Amino acid sequence: MSEQAVTAQSEDFSRWYNEIVYRADLAAPSPVRGCVIIKPYGYEVWEGIKAGLDRRIKETGHQNAYFPLFIPESYIKREAEHVEGFSPELAVVTHAGGKALDEPLVVRPTSETVIGEAFSDWIQSYRDLPLLINQWANVVRWELRTRPFLRTAEFLWQEGHTAHATHDEAEEETLQMLDVYADCAVNDAAIPVIKGEKSRMERFAGAMRTYTIEAMMRDKRALQCGTSHNLGQNFAKAFDIRYLTEANTQEFCWTTSWGLTTRMVGAVVMTHGDDKGLRLPPKLAPYQVVIVPIYRRDAQRNAVLETVDRLREALTESGMRVHVDRREGQSPGFKFNDWEMRGVPLRMEVGPRDVENNKAVLARRDVMGRAGKQFVSQDGIIKAAQDLLADIQRSLLDDAREFRDAHIQNASSYAELREIVAAGDWARAYWAGSDEDEAAVKDETGATIRCFPFEQPNDRGQCVKSSQLAQKIALFAKAY
RNA sequence: CGGGGCGUGGCGCAGCCCGGUAGCGCGCACGGUUUGGGUCCGUGAGGUCCCCGGUUCGAAUCCGGGCGCCCCGACCA
């Protein structure tokens, strides 16, 4: 026994999460509190998310640009709610080049302010609109409690910033980008998400409306996976982003911003992982197929490795990401466990018997034991592997959706809501309460309003807290 | 910032109460053995015992001060 098994999810989910992150080689601790080193294996997962998202961002007409890491402190203070929201968690540079700076520089926590300032220069006329910009960057928020990927002092993300002539256009953009996020989550990460609008309390600092995609992790806690904000004219007014209309009048623009972060890597871990370790969706897996050669003696070794190389080449040529585990010191059993922990969707075993019979074993990560194992002819191996990968991608999504739906319940009274939340589930309930009511729910139950889902019943009901007539159902859950 | 815990080879820990040659497991290197579900044996490399000061013939251990980290809460993508 050379490696301990990981802590079971049911025993201690946080501990399980941390162990997986480090042992699957996604990340490593950093010398700076609250930061992590993203290791190649974890970074490749992020690159997969990034590639799919970047493609969609471009397909919807946006262009990438890059704005500076440092923001003059005065910029942050221009939009009242924005300052209030972000000042507690800013990192500020006060010295550079050996002397105190005239004006301190904030390390960006987000870029609405610098980009807003630039937009005010770039936009003169209605002909300059809409302006559709995205940037891939790192940002810093000095959070008090951090966890790898989920909340780190520095994180990587994409932040989109757009300016429009009308409210409706800005709203349409905001919702479009939320759809893009949902599409990435569902179709690439195999994470089912609920689209909805944030409550006033949970809204982005300075936004008119914030939309979100919310996902359920394996411990049933909610994770906000991406947000899209309609900023109204708040930032346009603070940064003087105006345009001349066709009728030659000055109008303020309507702006939006939207972001998705490396938190998504954590979401993948916590949505699909099991007691054996990670389960990566094939679309994001750095290695989709890992080949484990099995042999006893040198004579067998050559024959096996020859077959392995041939199969690897064939799979790679047909577009699959393949890794051959050539480590000499480890037994096949060790390797099986190792790759299961690292979440590789499909394992191929090639041993002397397979060489002889022109076969190979394919074992899927999402179905453990014999049930997930099959002997396949080498002649049809490409199709078999492709079909299995597609099926694994689908089944991870289905599993996650089934799990989630089994843990969302309707609450028709506050007592019911408390009970549901206490059991760890999510509660759907009519809501027309005030900010104070919302704060009280958080206080009394630990749950927050994750969103008002877009999907609503065609009905009205009584608010579980204020007893007022409510137009909408809200989703309550304990969140990360 | 409030409450709790911990700093000892890369990782996880023991030793500390009761001062006396710094230990164990894993990992790592080398040799052999094994290989279709976490092989086994041998040899070896690797340590400012968080830092500063004090007590003492002698401090990982006792005393004083500092620093750092982790967990729980408030803040948050």
Side-chain angles (χ1 to χ4, degrees), chain A residues 1-7 12 14-15 18-19 22-23 28-34 84-90 109-110 137-147 149-159 181 198 201-205 210 212-215 222-229 257-267 276-277 292-298 300-301 304 325 327-341 347-357 359-361 363 368-370 372-373 375 439 442-443 446 448 450 479-480:
Chain A
M1 188 79 64
S2 42
E3 279 274 354
Q4 294 293 307
V6 290
T7 301
D12 185 342
S14 295
R15 194 163 159 192
N18 283 323
E19 281 181 18
Y22 295 127
R23 289 178 52 179
S30 92
V32 179
R33 186 205 71 95
E84 203 185 321
F86 280 105
S87 44
E89 52 192 56
L90 295 178
T110 178
N138 55 339
V139 290
V140 169
R141 298 182 188 176
W142 217 253
E143 301 290 352
L144 299 173
R145 280 182 52 48
T146 60
R147 309 190 59 188
F149 295 112
L150 300 181
R151 186 172 303 105
T152 43
E154 177 190 9
F155 58 92
L156 306 183
W157 75 345
Q158 143 291 308
E159 52 177 326
Y181 288 162
K198 283 288 182 191
M201 287 189 76
E202 301 278 329
R203 201 177 280 161
F204 175 73
T210 289
T212 177
I213 51 172
E214 298 283 330
L223 188 71
Q224 179 177 308
C225 292
T227 46
S228 185
H229 317 290
S257 70
W258 23 277
L260 186 143
T261 79
T262 32
R263 167 180 276 193
M264 202 67 187
V265 177
K276 283 282 199 172
V292 179
I294 297 159
Y295 43 80
R296 254 175 239 268
R297 285 176 291 277
D298 281 355
Q300 294 178 328
R301 183 173 179 274
V304 166
D325 189 345
R327 287 177 291 180
E328 294 282 351
Q330 269 78 20
S331 66
F334 177 91
K335 291 177 178 179
F336 296 168
N337 282 281
D338 196 38
W339 292 111
E340 277 158 9
M341 208 236 331
R347 178 182 75 239
M348 186 184 296
E349 302 168 22
V350 179
R353 290 207 297 273
D354 304 306
V355 172
E356 206 168 305
N357 303 327
K359 293 200 164 179
V361 174
M368 298 299 293
R370 285 185 91 91
K373 240 172 155 171
F375 291 83
K442 184 178 183 183
D443 221 40
T448 48
R450 300 321 301 154
Y480 274 101

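As the structure is a prediction and not an experimental result, all values here were calculated from the model. Throughout, a chain's letter reflects where its sequence line sits, starting with A, and its residues are numbered from 1.
- Taking only side-chain atoms of A:Val361, from C-beta outward, the nucleotide of B:rG36, B:rA77, B:rG38 with the closest atom is B:rG36.
- For A:Arg23 and A:Asp338, the salt-bridge test fails: no basic side-chain N is under 4.0 Å from an acidic carboxylate O.
- Computed from coordinates, the A:Phe155 CZ to B:rA77 C1' distance equals 5 Å when rounded to whole Å.
- Side-chain proximity of A:Asn337 to the nucleotides B:rA77, B:rG37, B:rU35 is greatest for B:rG37.
- Judged by distance alone, the side chains of A:Thr152 and A:Glu154 never bring a donor and an acceptor atom under 3.5 Å apart.
- Pairing of B:rC67, defined by two Watson-Crick or G-U wobble distances under 3.5 Å, is identified with B:rG7.
- Taking the C1' atom of each, B:rG5 and B:rG53 are spaced 26 Å apart, rounded to whole Å.
- Straight-line distance from the NZ atom of A:Lys359 to the C1' atom of B:rG36: 15 Å, rounded to whole Å.
- Taking only side-chain atoms of A:Lys276, from C-beta outward, the nucleotide of B:rA77, B:rG37, B:rG36 with the closest atom is B:rG37.
- One can place CH2 of A:Trp142 at 17 Å from C1' of B:rC1, the figure rounded to the nearest angstrom.
- The side chain of A:Phe334 approaches B:rG38 more closely than any other nucleotide in the set B:rA77, B:rG38, B:rG37.
- Using a 4.0 Å cut-off between a side-chain N of Lys or Arg and a carboxylate O of Asp or Glu, A:Asp325 and A:Lys335 qualify as a salt bridge.
- With hydrogens and angles ignored, a donor-acceptor pair under 3.5 angstrom links the side chain of A:Asp354 to the base of B:rG36.
- Using cut-offs of 30° and 60° on the angle between ring planes, the pair A:Tyr181 and A:Trp258 is perpendicular.
- In the set B:rA77, B:rU35, B:rG37, B:rG37 carries the atom at the smallest distance from any side-chain atom of A:Glu340.
- Of the nucleotides present, B:rG20 is the one that pairs with B:rC57 by Watson-Crick or G-U wobble criteria, both distances under 3.5 Å.
- A donor and an acceptor atom sit less than 3.5 Å apart, one in the side chain of A:Arg347 and one in the base of B:rG37.
- Note: CZ (A:Arg353) to C1' (B:rU35) measures 12 Å, nearest angstrom.
- Comparing B:rU35, B:rC71, B:rC28 by their nearest atom to the side chain of A:Ile294 picks out B:rU35.
- Look at B:rU33: it lacks any Watson-Crick or wobble partner with both distances under 3.5 angstrom.
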